[in-house]
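What follows is a short report on a single structure.
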Amino acid sequence: MTVSYQPQIIEQEVQKYWEENGTFEAQEDFSKEKFFCLAMIPYPSGHLHVGHVRNYTLADVIARYQRMQGKNVMQPIGWDAFGLPAENAALKNKTAPKNWTYSNIEHMRNQLKALGYAYDWSREITTCDPEYYRWEQWLFIQLFKKGLAYKKMSQVNWDPVDQTVLANEQVVDGKGWRSGAPVERREISQWFLKITDYAEELLTSLEDLKDWPDQVKLMQKNWIGKSVGTNIQFSVLDHDPLTIFTTRPETLMGVTYITIATKHPLAIAAAAKNNALADFLKMLDTGATAEAELATQEKCGMNTGLIAIHPITGEHLPIWVANYVLNNYGTGAVMAVPTQDERDGEFAKIYDLPFKEAEPFTDEIGEKITRYRLHDWGISRQRYWGAPIPIIHCETCGPVAVPEEDLPVRLPENVDFSEGIVTLANLPEFYKTICPNCKACAKRETDTFDTFMESSWYYARMACPDQNNSILDDRAKYWTPVDHYVGGIEHAVMHLLYARFIHKVLRDLGFMNSPEPFEKLLTQGMVLKDGAKMSKSKGNTVDPQELLQRYGADSVRVFVIFTAPPEQSLEWSDSGFEGCFRFLKRVWAFSCERVKLFEQADGANDGLNACINKGNLEKANEEQKTIWREMNAILKQAHYDYDRSQLNTVVSGCMKLFNLLVKIPYEGQIENNPLCANALYINHLLIYSGTKGMSLTCPYKLN
RNA sequence: GCCGGGAUGGCGGAAUUGGUAGACGCGCCUGACUCAAAAUCAGGUGAUGGUGACAUUGUGCCGGUUCGAGUCCGGCUCUCGGUACCA
C-alpha cells in the first residue's frame, strides 16, 4: 500500500476484478426490488466527449447508490449506431459506414470501461446489428398490419445539384451544404406512423409521470398541442366550399378575409388559371422545410382572386394565400380577424386589408372538435445507413409486408461511397425482388427508418438481448419500466415522445405490463467551456481521454458530479478539476497514513463491519460526539440530495465529512477509536470507487 | 416566430421550496515548512465604511404582494435547449 495516490493502478485492478467476477451482470431475482438504471445510449461518433462522461457518470452514481440500497440493479449500455454522420465519414474517408461505426464503437467501449462504469456488458446492444433491427422491422410490420403505418406525400429538402434529400441540418442559409445550391421543397411519398392515434393517451398519461421534471412534461404537452375549436364552412364562389378551423368562433363577425396555405386545394386551383399566383406559390416553395425558418420569414401573401361567403352576413371575403398558414395544421385555412389576432392584424396592415370591430358571436355554429398540433411520425429516410423498411411494392398487390420468416431485410454492407452518396434506390441487387403474394417481379422499399425508431424500444430489448424467437419476452416485463432514465435535455420532446408511443404500442401487442417506459427522468444540462458548447470548430474541447490517463477516472467522475447540479449546464474548469484530483489525493494519503483501511477492508471485512455496526460511542468524548452528530447530519442531507438527484451537494457532503474527519484527534490504533473507523469507512463508501462493488459518491446506508 | 429553461461573490455553485444569502470547491491574501520555489499544512476572503465590536449595502433589470422575497406575482433584458431529416 503506497501513500501516493496512483489511480491508474487502483482503477485497472478493480476494473479487472469487476470484469472477471461479472460483478455488474444482472439476473432476474424476485426476492429483491429490481432497479433498471439507464443512460441514453451514445451515437458512436468516434470519441467520448465530456457530455457523455457527465451523462454516464450521473447514471452510474444512481445505479451504484441503488445497488448499495440492496436493490437488484441492471445498468446496460449500447450504441445508437445508425445515422447521418457515418455517411458523411464514409464520403470523407471513402470507407463503408459500417466499418467506421464499428471501429468507433470499439474505441468508445474501451473508454467507457476505463471510466469504471458498473455496466452489465452482457446486455450490450448495437442498433445497426441485423439481429437488433430484425425485430424493429418485425414491429413495423405489426404496425402496418394494424393500419398504424401508412404512406402519404410529404415535403423534403431537395438539393437540385446533388440530387439528394437534405436533412434540416444540411441546409445552411437556404442552400445545400455541399452543393451550395438553393434548396427546393419537394413532395415525395413517405411512410408514417399514426402516433396521433395515441395523442390523447400520450397527453393524459403525462399526469401519471410523477417523477418527470415538470418542464419536460410541459414541453410534451405543448408539443402535442391539444386545442378545442370549431370547423366553420365558408361557401366559395364557383368552387367547393372551404372549411376553416378556429379556436375562437366568437370572433366570427370580425372576419374580413380568409387565408389559406400554399398547398391548399383552392390555392392550387386558383394558380392553375393565374400565372402570377403560380409563380408566387413556386417562389414560396424554395428554402428549407424547417419550422423555425418558416416561422421567422417575413409575412407575405397574394390574393387568389377567389371569394368566400361569410356564413352569417353573406359578405364577400377575399381569399389570400399566406406563407404563415401551416399546411399541416388544422385544415390549412384560417379566418382572419385582424382586430383580434396579432398575426392577422400584421398581415392586414401589410396588404391594406380591412379591419372590423364586431360583437362576439355567441350562437352555436359548427361542431366542437379537438385537434392536436402533433402530427403523424414520418419515419422514411432516403438514406443508406439505416434499417431497411420491410415492405415490397408490387404492381398488383400494392405494398406488401415482408414475410416474418424472411426477416431481417439486411442492409447491403459492401457499399462504395468513393463516387458519392449511395442510397438503397441505387442498388438494384437490393431492391429487385418478387412479390411474396403473387410472385410477380416487385421492388423492395428503398427508404430506411428514422433513427428515432431504434432509440424508441432499445431499453426493452436490453432486458432480453439474446432472445432469438421474439422481439421481447417476460424478462422485459420484469425489468421495465426503466426506473431511472438519464439523458440530455435536448431529447425532452422528440425521442421521449416517440419512445412513449412505441412503449404503448408494445403494451397493446402484449409485450409490456406498464403504460410508460420511463418511471423517473433526469435531464442533464449541457457541458460548456468558456461559456459555449464544446466543438472542434471553436477549439474549446476537453478530451476526457487525456484526463483519464493523467488523473484517473475518479477525478473526472468527481468533477462532472460536483461542479454543477445535474440539470444545469456545466462549465468546464481546469483548476476546478485539479481541486477534485487534490481532494481524492488527500483522502488516499490520509487513509494510508492513519489506518491502513484497505488491507482491513479486504482481509478482515467482517471485523470492520462489526466495529462499525456497533455504533459504539461509549469511549468517545464530548468533542467527538459533536463531530459524530455533525457527520450524521451530513449523511442525512446526502440521502435527501440523492433522492432529489442533486448529486453535486452529495459530493460537497463528502468533502465536509472528510474535513471533519481530519479534525478528529488521532489516538493510536483504529480499534481504539471507533469514531474514526466509522467515519473513515463511511467516507470511503462515499467517495472511493476502488473496493468491491463500492463506488464513487455512494453514501453509507443509514440504519 | 413559437415552446421550455437559466441569470446569486473574482469563478463553479449552496440556501431542504417564503425565514440568519454565499455551504462546498476554485482563485486570491497571510502565515508555517524551505536557501528559494513547487507541493503540503494552518488561517482569512461579497462590497463599502470603521483599528474594532459593528453599520450600510447586496441574488440580471423595472414594478408589485408580504412582518419578511434569491425564492411568489406582473412587465422586460440577455442567454441556452427544442422546433418534427443532427443525435
Side-chain angles (χ1 to χ4, degrees), chain A residues 40-45 51 80-85 88 154-157 165-171 190 192 195 213-223 225 288-299 324 328 342-343 346 373-383 386 448 450-452 454-455 487-495 497-498 523 525-526 528 531-533 558-559 562-565 567-580 582-583 585-586 589 634 636-637 639-641 643-644 646 648-659 662:
Chain A
M40 292 178 188
I41 57 173
Y43 177 78
S45 55
D80 183 21
F82 276 133
L84 199 51
N88 297 332
S154 168
Q155 285 193 343
V156 292
N157 302 308
V165 175
L166 298 175
N168 287 333
E169 191 190 49
Q170 295 174 311
V171 178
Q190 308 207 69
F192 283 80
I195 191 174
D214 289 338
Q215 162 203 2
V216 174
K217 286 188 278 189
L218 187 54
M219 279 190 265
Q220 293 219 351
K221 183 185 172 208
N222 292 337
W223 183 267
T289 57
E291 196 214 19
E293 196 154 320
L294 296 175
T296 48
Q297 276 175 349
E298 238 172 84
K299 287 186 183 58
Y324 69 91
N328 50 11
E342 204 177 305
R343 287 174 316 170
E346 206 182 302
R373 200 188 77 97
L374 179 70
H375 47 251
D376 280 339
W377 176 13
I379 50 159
S380 276
R381 297 292 180 270
Q382 296 70 46
R383 302 195 192 291
T448 51
D450 175 9
T451 57
F452 277 126
E454 284 91 66
S455 53
I489 184 66
E490 67 273 21
H491 294 298
V493 177
M494 299 182 68
H495 160 60
L497 191 66
Y498 293 142
T523 48
M526 312 281 294
L528 311 174
K533 194 173 169 174
V558 168
F559 176 80
F562 174 59
T563 305
E567 305 209 285
Q568 281 181 36
S569 57
L570 180 151
E571 175 79 22
W572 181 265
S573 155
D574 289 332
S575 59
F577 177 80
E578 285 278 350
C580 294
R582 204 178 301 158
F583 171 60
K585 236 172 22 178
R586 268 204 299 264
I634 292 166
K636 192 178 173 192
Q637 180 68 40
H639 278 276
Y640 178 81
D641 289 342
D643 286 342
R644 57 175 182 155
Q646 189 172 288
N648 55 322
T649 48
V650 174
V651 181
S652 301
C654 296
M655 291 171 171
K656 286 183 196 175
L657 267 185
F658 183 73
N659 292 344
V662 296

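Here is how names work: the chains are called A, B, and so on, in the same order as the sequence lines, proteins then strands, and each is numbered from 1. Note that this is a predicted model, so its numbers are computed, not measured.
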Report task. Quick one: label V165(A) by what it contacts on the DNA or RNA (base, sugar-phosphate, nothing), any heavy atom closer than 4.0 Å. Result -> base
Report task. Scan R383(A) against the nucleic acid and name what it touches under 4.0 Å (heavy atoms): base, sugar-phosphate only, or nothing. Result -> base
**Report entry** Closest-nucleotide ordering on RNA chain B, the 5'-leading residue of N648(A) and M526(A)
**Finding:** N648(A)
Query raised in the report: Can you tell me how far P in C73(B) sits from the matching atom in G50(B), rounded to whole Å?
Result: 42 Å
Query - Runs of at least three consecutive pairs that involve RNA chain B, where pairs are Watson-Crick or G-U with distances under 3.5 Å - result: B:1-7 with B:77-83, B:10-12 with B:24-26, B:27-32 with B:40-45, B:46-49 with B:54-57, B:60-64 with B:72-76
Query raised in the report: Quick one: salt bridge (charged side-chain N to carboxylate O under 4.0 Å, His left out) partners of R383(A), sequence neighbours excluded?
Result: none
Query - Under the ring pair (Phe, Tyr, Trp, His ring centres under 6.0 Å) test, residues paired with Y498(A) that sit two or more places apart - result: W377(A), F452(A)
Requested in this report: Apply side-chain contact (heavy atoms from CB on, under 4.5 Å) to the pair N157(A) and Q170(A), showing each step before the final yes or no.
Outcome: CA-CA 9 Å; N157(A) 302 308; Q170(A) 295 174 311; over 6 Å; no
Query raised in the report: Any idea which heavy atoms bring D80(A) and P44(A) closest together, and the distance?
Result: O-CD, 3.3 Å
Report task. Quick one: label Y324(A) by what it contacts on the DNA or RNA (base, sugar-phosphate, nothing), any heavy atom closer than 4.0 Å. Result -> nothing
Report task. Name the nucleic acid region contacted by G488(A), choosing base, sugar-phosphate or nothing; use a 4.0 angstrom heavy-atom cut-off, strictly under. Result -> nothing
Report task. Have a look at L374(A) and say if it touches a base, only the backbone sugar-phosphate, or nothing, with a 4.0 Å heavy-atom cut-off. Result -> base
Query raised in the report: What nucleic acid atoms does P565(A) come within less than 4.0 Å of, heavy atoms only: base, sugar-phosphate, or nothing?
Result: sugar-phosphate
Query - Interatomic distance at P, U71(B) relative to G81(B), whole Å - result: 26 Å
Report task. Identify whether any heavy atom of Q155(A) sits under 4.0 Å from a base atom; if not, whether one sits that close to sugar-phosphate; answer base, sugar-phosphate or nothing. Result -> nothing
Query raised in the report: Between which nucleotides of RNA chain B, 5' to 3', does chain A make heavy-atom contacts below 4.0 Å?
Result: G1(B) to A87(B)
Query raised in the report: Rounded to the nearest 0.5 Å, how far does CZ of R586(A) lie from CG of N659(A)?
Result: 7.0 Å
Report task. Check every strand shown and say whether Q170(A) touches a base, only sugar-phosphate, or nothing at a heavy-atom separation below 4.0 Å. Result -> nothing
Requested in this report: Mind listing the closest non-hydrogen atom pair of A564(A) and S569(A) along with its distance?
Outcome: CB-O, 3.8 Å
Report task. For A292(A), answer base if it contacts any base atom (sugar-phosphate contacts may also be present), sugar-phosphate if it contacts only those atoms, and nothing otherwise; contact means non-hydrogen atoms under 4.0 Å. Result -> base
Query raised in the report: Base, sugar-phosphate, or nothing for S569(A), non-hydrogen atoms under 4.0 angstrom?
Result: sugar-phosphate
Requested in this report: Report which part of the nucleic acid S45(A) touches: base, sugar-phosphate, or nothing (heavy-atom distance under 4.0 Å, all strands).
Outcome: nothing
Query raised in the report: When rounded to the nearest Å, what value does the distance between C1' atoms of A87(B) and G13(B) take?
Result: 30 Å
Requested in this report: Would you classify H375(A) as touching base, sugar-phosphate or nothing, given that sugar-phosphate means primed atoms plus P, OP1 and OP2, and contacts are heavy atoms under 4.0 Å?
Outcome: base
Query raised in the report: Syn versus anti for G9(B), judged by chi lying within 90° of 0?
Result: syn
Report task. Please measure how far the P atom in G4(B) lies from the corresponding atom in G43(B), and state the result in whole Å. Result -> 49 Å
Query raised in the report: What's the shortest heavy-atom distance between G576(A) and S573(A), and which atoms?
Result: N-OG, 2.9 Å
Requested in this report: Considering only atom P, compute the distance from G19(B) to C72(B) and round it to an integer number of Å.
Outcome: 11 Å
Query - Inter-nucleotide P distance (A39(B), G27(B)), Å rounded - result: 9 Å
Query raised in the report: Base, sugar-phosphate, or nothing for W377(A), non-hydrogen atoms under 4.0 angstrom?
Result: nothing
Which atom pairs, donor and acceptor, lie under 3.5 Å between side-chain atoms of residues 487-495 of chain A and protein residues at least two apart or in another chain?
residue, atom, partner, partner atom, Å
H495(A), NE2, Y485(A), OH, 2.8

**Report entry** Euclidean distance for P, G70(B) against C62(B) (whole angstrom)
**Finding:** 14 Å
Requested in this report: For W572(A), enumerate each residue passing the ring pair (Phe, Tyr, Trp, His ring centres under 6.0 Å) test, keeping only those at least two apart in sequence or located in another chain.
Outcome: F559(A), F577(A)
Query raised in the report: Between M655(A) and F562(A), is any pair of side-chain heavy atoms under 4.5 Å apart?
Result: yes
Query raised in the report: Within the structure shown, what part of the strands sits under 4.0 Å from Q382(A) by heavy-atom distance: base, sugar-phosphate, or nothing?
Result: base
Report summary line: Of S575(A) and Y43(A), the one whose nearest nucleotide on RNA chain B sits closer to the 5' end is S575(A)
Query raised in the report: Can you name the nearest heavy-atom pair linking R381(A) to G378(A), along with the distance?
Result: NH1-O, 3.3 Å
Query raised in the report: Expressed as a whole number of Å, how far does the C1' atom of G22(B) sit from that of G9(B)?
Result: 7 Å
